[in-house]
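First up is the structure itself, then whatever we jot down about it.
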Amino acid sequence: MERDMKQWMCLLLLVSAFGCLWAEKPRRYFELGFNLETGFANNYLGYQDFFNEDHVIDINLTKMGVYDFNFAWDISSHTFLTISGSGFSVGLFAGIEGLIYGTISKGLFNLLSQGNVSSFSQAELAFGGGLFADVGVKAEKQLGKLRLLVSPGVFLPLFYIPKPVIKFTMRTKEDDMSIAGQLAMDIYSPIALGKDGEFSLDLANLSSITDSGALGLDVSLGTEYALSSILDAGVLISHIPLSASRLSYRARVQGLFEFNNGSAEAEESLLDRLQNGDIDSLITLEDPELTYSRGIIFVSRPLRFDLYALFRPFRTQFLVLRPNAGISLFTLYGSSPCFNLGLEGQINLWRLFSVSLGTGYTELIWKHWLGINLNLRFVELNLGLSLRSQEFTESFKLNGLGVSLGLHIGF
C-alpha cells in the first residue's frame with residue numbers, strides 16, 4: 001500500500017512538472033471550450049432565513065421596509081473555437097445570455113408592519129427579463145503596444161418581457177385592510193406562442209425568423225495600450241447596436257387580484273396569519289386572461305461601456321490589479337442607466353495556476369468573487385464562486401450566490 005502511494009505521488013509530481021513546462025509555452029494555437037456562469041441575488045432573505053432550526057422561512061416585515069425588495073437571476077453560457085498566431089487571434093462563439101428580475105416597493109412592507117394612518121396607500125410591483133441567443137466572430141490583433149479587438153455578433157431574443165409596472169391600492173381601517181390591483185404583462189417572442197387562446201410553440205416555421213427581422217446585429221469594440229512596464233489602460237464597448245431585433249409575436253397576461261383579511265371577527269391578526277402561512281384564505285386571484293396577438297417591439301442587447309487598467313506593481317505578471325468603471329444602457333431594467341465599478345486582484349504562479357479575488361457593482365448587483373485557474377497547456381480549467389446582493393451590506397450575508405465554470409482544450 002505504501003509503495004503504491006509513493007508511485008502515485010511520483011506520477012503526480014511528474015505530471016505537475018510537465019504541465020508547468022507546457023503551460024509556460026505561448027498561448028494555444030487552437031482552442032475549443034465553453035464558459036458558464038449563473039447566479040441569483042436578493043437584498044433581504046439570506047441563508048439563515050431559509051435554513052434554521054425551526055425549518056421555516058423567517059420573514060421580518062419590519063426589516064423589509066427599509067428599501068424596496070429586489071431579486072434577480074441571470075445566466076450566461078458560451079462555447080467558442082479560437083485559432084491564434086503571432087500577434088493575432090480569430091474565433092467563433094455561440095451561446096445564450098439572460099436575466100429575470102423583480103421589485104416590490106417597500107411601501108407594502110411598511111404597511112404590513114406599521115399600519116397606515118392615512119387609511120389609503122399605493123405601492124408598485126415591477127418585473128421583467130429576457131433571454132438572448134447569439135453567434136459571432138471575435139478577432140484580436142497586437143500592434144506593438146496596442147491591442148485591438150472587434151467582435152460582430154448576430155443575436156435573437158428567445159423571449160423578452162419589457163418592464164411592466166403593476167400598481168395596487170391598499171385601504172386600511174382600524175381592524176381591517178384590503179389590497180386590490182391589476183396585472184398586465186406582455187411577453188414577446190420571435191415565434192407564435194399560442195393560437196385560439198391555447199398556448200403552443202410554433203416550431204414548424206423556424207426558417208421564417210430570418211425573414212421576419214427577428215435577428216439583430218451588434219458589434220463589440222475594444223482597445224488596450226501598454227502605457228509603461230507596470231500599467232496598461234483599455235476601453236471595451238459591448239453590443240453597439242447596428243440593427244435591432246424586431247419581435248412580432250406577443251402573449252398578454254391580464255388579471256385582477258385582491259388581498260383581504262376578510263373580517264374583523266378573525267381571532268388572529270392579519271400579521272399573525274401572514275407569519276403562520278395562512279395565505280390561501282387571504283388572497284383572491286381571478287383566472288388570468290391570456291391572449292395571443294401580433295405586436296411589434298424593437299429590442300437591442302444592453303450597451304456597455306467599460307474603462308479599465310492593468311496595474312503590475314512588481315513589473316511582472318505575479319500580481320495584477322484591475323480597477324474598472326463604466327455604464328450600461330438599454331438594460332432589461334428599463335430606461336435608467338446603470339453605473340458600474342469594480343476592482344480585481346490576480347496572483348499568477350507562472351502560467352500554471354492563478355487565483356483572483358474581486359468586488360464590484362455591475363448593473364444594480366454587488367458581486368464579490370473568488371476565481372481559480374489551472375492551466376495544464378492541453379487542458380485549462382476555470383472555477384469561480386461569488387456572493388451577490390442588490391445592497392452592499394447584504395451581499396456578505398449569503399443573500400445570493402453565483403457559480404462559474406470554464407473548460408478550454410487545445411494545443
How many angstroms lie between atom [atom1] of [X] and atom [atom2] of [Y], to the nearest 0.5 angstrom?
X	Y	atom1	atom2	result
Thr223	Leu149	OG1	CG	9.5 Å
Gln346	Ser354	CD	OG	4.5 Å
Leu99	Ile365	CG	CD1	6.5 Å
Asp186	Ser293	CG	OG	8.0 Å
Glu363	Arg304	CD	CZ	4.0 Å
Asp134	Leu215	CG	CG	11.5 Å

Residue set satisfying ring-ring contact (aromatic ring centres under 6.0 Å, His included) with Tyr333, at least two apart, ordered chain then number -> Tyr101
Set of residues satisfying ring-ring contact (aromatic ring centres under 6.0 Å, His included) with respect to Phe155, sequence neighbours excluded =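 Not a single residue meets the ring-ring contact (aromatic ring centres under 6.0 Å, His included) criterion with Phe155.
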With sequence neighbours excluded, residues passing salt bridge (Lys or Arg N to Asp or Glu O under 4.0 Å) with Glu344 =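 Salt bridge (Lys or Arg N to Asp or Glu O under 4.0 Å) check on Glu344 returns nothing, list empty.
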For a quick test of reading the model, state the closest non-hydrogen atom pair linking [X] to [Y] and the distance between them.
X	Y	result
Phe93	Ser151	CE2-OG, 3.3 Å
Ala126	Lys163	CB-CE, 4.0 Å
Ala251	Leu193	CB-CD1, 3.7 Å
Leu290	Tyr292	CD2-OH, 2.9 Å
Thr331	Cys338	OG1-SG, 4.0 Å
Pro241	Leu303	CD-CD1, 4.3 Å

Looking at side-chain heavy atoms only, is the closest gap between [X] and [Y] below 4.5 Å?
X	Y	result
Leu376	Leu352	yes
Leu332	Ile100	no
Leu387	Asn399	no
Asp306	Ser238	no
Val299	Tyr188	no
Leu385	Leu383	no
Ile347	Phe353	no
Asn70	Leu364	no

Show the numbers, then the answer: is there a side chain to side chain contact (heavy atoms under 4.5 Å, CB included) between Val150 and Leu221?
-> CA-CA 5 Å; Val150 58; Leu221 301 175; 3.6 Å; yes
Worked check of side chain to side chain contact (heavy atoms under 4.5 Å, CB included) between Leu381 and Leu405 = CA-CA 8 Å; Leu381 181 65; Leu405 170 66; 3.8 Å; yes
Verify, without hydrogens or angle tests, whether [X] (side chain) and [Y] (backbone) share a donor-acceptor contact under 3.5 angstrom.
X	Y	value
Ser245	Ala214	yes
Asn348	Gln317	yes
Arg28	Arg377	yes
His239	Pro302	yes

With Arg388, the side-chain hydrogen bond (donor to acceptor under 3.5 Å, both in side chains) member among Asp74, Asn43, Asn42 =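 The residue from Asp74, Asn43, Asn42 that satisfies side-chain hydrogen bond (donor to acceptor under 3.5 Å, both in side chains) with Arg388 turns out to be Asp74.
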Ring pair (Phe, Tyr, Trp, His ring centres under 6.0 Å) contacts in which one or both residues fall within residues 379-411, not counting sequence neighbours |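 Qualifying pairs, neighbours excluded: Phe30-Phe411, Phe80-His408, Trp366-Phe392, His368-Phe392, His368-Phe396, Phe392-Phe396.
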Give a yes-or-no answer on whether the side chains of Thr291 and Arg252 include a donor-acceptor pair shorter than 3.5 Å.
-> no
Decide whether Ser328 and Asn340 meet the rule of one side-chain donor and one side-chain acceptor closer than 3.5 Å.
->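 Yes.
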Using the salt bridge (Lys or Arg N to Asp or Glu O under 4.0 Å) rule, pick out the option among Lys145, Arg147, Arg322 that qualifies with Glu224.
-> Arg147
Which residues pass the side chain to side chain donor-acceptor pair (under 3.5 Å) test with [X], sequence neighbours left out?
X	answer
Glu391	none
Ser389	none
Glu97	none
Ser76	none

Got a sec, which residues hit side-chain contact (heavy atoms from CB on, under 4.5 Å) with [X], two or more places apart in sequence or on another chain?
X	result
Ile327	Phe305, Leu329, Pro337, Phe339
Thr38	Trp73, Ile75, Val403
Ser77	Leu36, Ile96

For Tyr249 and Arg294, run side chain to side chain contact (heavy atoms under 4.5 Å, CB included): C-alpha distance rounded to whole Å, both residues' side-chain angles, the deciding distance at 0.1 Å, then the answer.
-> CA-CA 5 Å; Tyr249 295 96; Arg294 299 293 294 266; 3.6 Å; yes
For residues 226-236, which side-chain donor-acceptor pairs fall under 3.5 Å, sequence neighbours excluded?
residue : atom : partner : partner atom : Å
Ser228  : OG   : Ile230  : N            : 3.3
Ser228  : OG   : Leu231  : N            : 3.3
Ser229  : OG   : Arg315  : NH1          : 2.4
Asp232  : OD1  : Arg312  : NH2          : 3.2
Asp232  : OD2  : Arg312  : NH1          : 3.2

